[in-house]
Amino acid sequence: MPDPDDLHRPGTAGYRRLNLAMLGAGLAAFGLLYATQPVLPEIADEFGATAAHASLTVSASTGALAVAVVPVTALALRWGRVRTMRLGLLLAAVLGLACAAAPTLGVLVALRGLLGLVLAGVVAVAMGHVGAEVHPSGLGAAMGLYVAGNSLGGVGGRLITAAAADVGSWRLALALLALAALAATTVFWRLLPPAVADRRGSGVSPRAFRALLRDPAVLALVAIPFLLMGGFVAVYNFLTFRLVAPPFSLPVALVGLVFLAYLAGTTSSALAGRAADRVGRPVVLVGAVVVMLAGLLLTLPGWLPTVVVGLVVLTAGFFAAHAVASGWAPVVGGDHGTQASALYVCGYYAGSSIFGAWVGTAWTGHGWPGVVTWVAGLVVLALACGLYVARRTRRA
């Protein structure tokens with residue numbers, strides 16, 4: 001274990017550089033990961049696909065990422081977290097450019113799957129890296145800022161693709177986004193400080209994962225991102241189809257502006273991280289999940305202002321919950337904090353992949369009320385898991 005005095009404390013140059021570098025990583029990774037989400041209707045039209053089939057361009061990336069989390073964590077512990085994240089971002093930008101030239105939907109889905117695999121080198125490692133490099137006095141705030149970068153990457157990527165698709169095509173949109181991700185990757189390479197606690201050669205202990213998977217508190221904590229992220233991605237996947245159809249009939253560029261709701265997550269995640277340091281994780285997590293559920297219900301009416309407000313509230317609640325739960329994972333994991341963070345990320349993207357596509361059956365059969373019903377059930381289950389984790393950790 002590193003000496004706590006060697007870790008980055010709030011107010012130091014290393015702490016600032018680390019936060020800015022991880023912000024760049026979030027911008028690049030999450031811009032690329034969900035790049036096709038705003039242009040799913042255009043992709044479906046070009047290839048003659050259904051909404052559920054087009055959404056596989058999102059689910060392929062998140063599903064591949066979820067599968068790759070554990071082996072990539074092993075690679076990072078042997079090879080070094082910094083080197084793993086740098087290579088993952090660079091390869092992801094190259095694959096992003098290749099996606100723009102995909103001749104068929106099958107090829108596009110395959111390339112998006114490969115992109116998810118290499119992004120695991122960033123996303124699977126980043127939370128563990130922040131947790132290992134930052135002094136406990138600033139961990140909540142640092143994790144909140146990293147999640148804020150994720151939300152900025154999500155909204156920036158979606159705005160770029162939506163605007164470019166409206167004036168050109170979805171192919172031009174993906175190419176421009178890949179170039180922007182390459183610029184953010186350059187920032188990450190230049191600013192990230194040398195690792196303080198990057199112990200190479202240790203590998204991943206299967207015994208550690210077995211111990212974590214036998215712990216009900218860890219399983220419940222991993223279920224939180226699985227359920228919440230699954231519902232969150234499903235809302236954004238199928239809201240695009242809702243908004244381009246009657247009675248809204250919005251153009252693609254205007255639909256893209258809806259993703260500005262992600263900015264609410266940028267603010268709420270940073271605030272939630274600081275609040276968790278002060279008043280405790282359980283209170284902030286439960287409050288955030290309740291806020292997410294309230295926002296979901298606000299999207300039900302067929303009136304655009306209510307839908308937008310509901311989306312903002314839902315997004316703020318989701319990112320606040322994610323910021324708190326992600327910082328909780330290495331704490332609940334104890335001596336196996338890096339592996340606990342890996343399981344958290346695995347649950348996060350497994351939920352995105354599974355429910356991001358599966359909820360499409362509710363959209364096809366029952367429209368938006370069907371989507372809301374599905375997602376509300378997932379959010380309520382996540383709330384129950386959060387209460388369970390709080391009770392177990394309080395006893396411990």
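Any value given below was found using the heavy atoms of this structure, including those in side chains, with hydrogens, waters and symmetry copies removed.
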Chemist: To the nearest 0.5 Å, what is the distance between CH2 (Trp79) and CG (Leu87)?
Modeler: 4.5 Å

Chemist: Within a strict 4.5 Å, meaning less than it, do heavy atoms of the Phe188 and Val122 side chains meet?
Modeler: no

Chemist: Would you call Phe30 and Leu119 a side-chain contact if the rule is heavy atoms closer than 4.5 Å?
Modeler: no

Chemist: When you group the ILVMFWY residues by side-chain heavy-atom contacts below 4.5 Å and let the links chain together, are Val283 and Val290 in the same group?
Modeler: no

Chemist: Please determine whether side-chain contact (heavy atoms from CB on, under 4.5 Å) holds for the pair Leu91 and Leu114, giving the CA-CA distance in whole Å, both sets of side-chain angles, and the decisive distance to 0.1 Å.
Modeler: CA-CA 10 Å; Leu91 291 176; Leu114 289 174; over 6 Å; no

Chemist: Same cluster or not: Leu90 versus Leu95, using hydrophobic residues (I, L, V, M, F, W, Y) connected whenever any side-chain heavy atoms lie under 4.5 Å apart?
Modeler: no

Chemist: Decide whether Leu117 and Val94 are clustered together by the hydrophobic rule: side chain heavy atoms of Ile, Leu, Val, Met, Phe, Trp, Tyr closer than 4.5 Å, transitively.
Modeler: no

Chemist: Considering non-hydrogen atoms only, spot the tightest contact between Ser268 and Ala320 and give its length.
Modeler: OG-N, 3.7 Å

Chemist: Calculate, to the nearest 0.5 Å, the distance between atoms CG and CG belonging to Leu23 and Leu18 respectively.
Modeler: 11.0 Å

Chemist: I'd like to know if the side chain of Arg17 and the backbone of Leu191 have a donor-acceptor N/O pair within less than 3.5 Å.
Modeler: yes

Chemist: Do the ring planes of Phe232 and Phe319 sit parallel (below 30°), tilted (30 to 60°) or perpendicular (above 60°)?
Modeler: perpendicular

Chemist: Sub-3.5 Å donor-acceptor pair from the side chain of Thr306 to the main-chain atoms of Gly302, do we have one?
Modeler: no

Chemist: Rounded to the nearest 0.5 Å, how far does CG of Leu174 lie from CG of Leu115?
Modeler: 10.0 Å

Chemist: Determine, using the 4.5 Å side-chain heavy-atom cutoff (strictly less than), whether Ile160 and Tyr34 are members of one ILVMFWY cluster.
Modeler: no

Chemist: Does some side-chain heavy atom of Thr161 sit less than 4.5 Å from a side-chain heavy atom of Gln37?
Modeler: no

Chemist: Could you tell me whether a side-chain N or O of Arg171 sits under 3.5 Å from a main-chain N or O of Ala102, the two making a donor and an acceptor?
Modeler: yes

Chemist: Please name the pair of heavy atoms, one in Pro193 and one in Val82, separated by the smallest distance, quoted to 0.1 Å.
Modeler: O-CG2, 4.4 Å

Chemist: For Ala54 and Ala44, which heavy atoms make the closest approach, and how far apart are they?
Modeler: CB-CB, 3.9 Å

Chemist: Are any side-chain N or O atoms of Ser353 and backbone N or O atoms of Tyr349, one a donor and one an acceptor, separated by less than 3.5 Å?
Modeler: no

Chemist: Give a yes or no on whether the backbone of Ala52 and the side-chain of Ser55 come within a donor-acceptor separation of less than 3.5 Å.
Modeler: yes

Chemist: Could you tell me if the side chain of Trp374 sits less than 4.5 Å from the side chain of Val235, heavy atoms only?
Modeler: no

Chemist: Return the minimal non-hydrogen interatomic distance between Ala64 and Gly113, and the atom names on each side.
Modeler: CB-O, 3.1 Å

Chemist: If I compare all heavy atoms of Leu177 with all of Ala35, which pair ends up nearest, and what's the gap?
Modeler: CD2-CB, 3.3 Å

Chemist: Please check: side-chain N/O of Arg112 versus main-chain N/O of Thr57, any donor-acceptor pairing under 3.5 Å?
Modeler: yes

Chemist: Test Leu304 against Leu243 for side-chain contact (heavy atoms from CB on, under 4.5 Å), laying out the working first.
Modeler: CA-CA 9 Å; Leu304 187 59; Leu243 294 180; 4.0 Å; yes

Chemist: If you apply the rule side-chain contact (heavy atoms from CB on, under 4.5 Å), what do you find for Trp328 with Ile224, and how did you get there?
Modeler: CA-CA 11 Å; Trp328 209 352; Ile224 293 172; 5.6 Å; no

Chemist: State yes or no: do Leu383 and Leu298 share one hydrophobic cluster built from I, L, V, M, F, W and Y residues joined by side-chain heavy-atom distances below 4.5 Å, directly or via other members?
Modeler: no

Chemist: For Ser352, run the side chain to side chain contact (heavy atoms under 4.5 Å, CB included) check against Leu65, Leu33, Val233 and tell me which one passes.
Modeler: Val233

Chemist: Within this structure, what is the CD-OG1 distance for the pair Glu46 and Thr104, rounded to the nearest 0.5 Å?
Modeler: 10.5 Å

Chemist: Answer yes or no: is there a side-chain heavy-atom contact under 4.5 Å between Met22 and Met85?
Modeler: yes

Chemist: What distance separates Cys99 SG from Trp170 CH2, expressed to the nearest 0.5 Å?
Modeler: 8.0 Å

Chemist: Is the Trp363 ring parallel, tilted or perpendicular to the Phe241 ring (thresholds 30°, 60°)?
Modeler: tilted

Chemist: Do the side chains of Pro301 and Val307 get nearer than 4.5 Å, heavy atoms only?
Modeler: no

Chemist: Does some side-chain heavy atom of Leu228 sit less than 4.5 Å from a side-chain heavy atom of Leu378?
Modeler: no

Chemist: Identify the heavy atoms of Ser59 and Gly356 that sit nearest to each other, and give their distance.
Modeler: OG-C, 4.0 Å

Chemist: Between Thr299 (side chain) and Leu296 (backbone), is there a donor-acceptor pair under 3.5 Å?
Modeler: yes

Chemist: What's the verdict on side-chain contact (heavy atoms from CB on, under 4.5 Å) for Asn237 and Val58, showing C-alpha distance, side-chain angles and the deciding distance?
Modeler: CA-CA 9 Å; Asn237 275 356; Val58 178; 4.1 Å; yes

Chemist: Compare all side-chain heavy atoms of Pro41 with those of Thr240 and state whether any distance is below 4.5 angstrom.
Modeler: yes

Chemist: Measuring from Leu260:CG to Leu159:CG, what's the distance to the nearest 0.5 Å?
Modeler: 4.5 Å

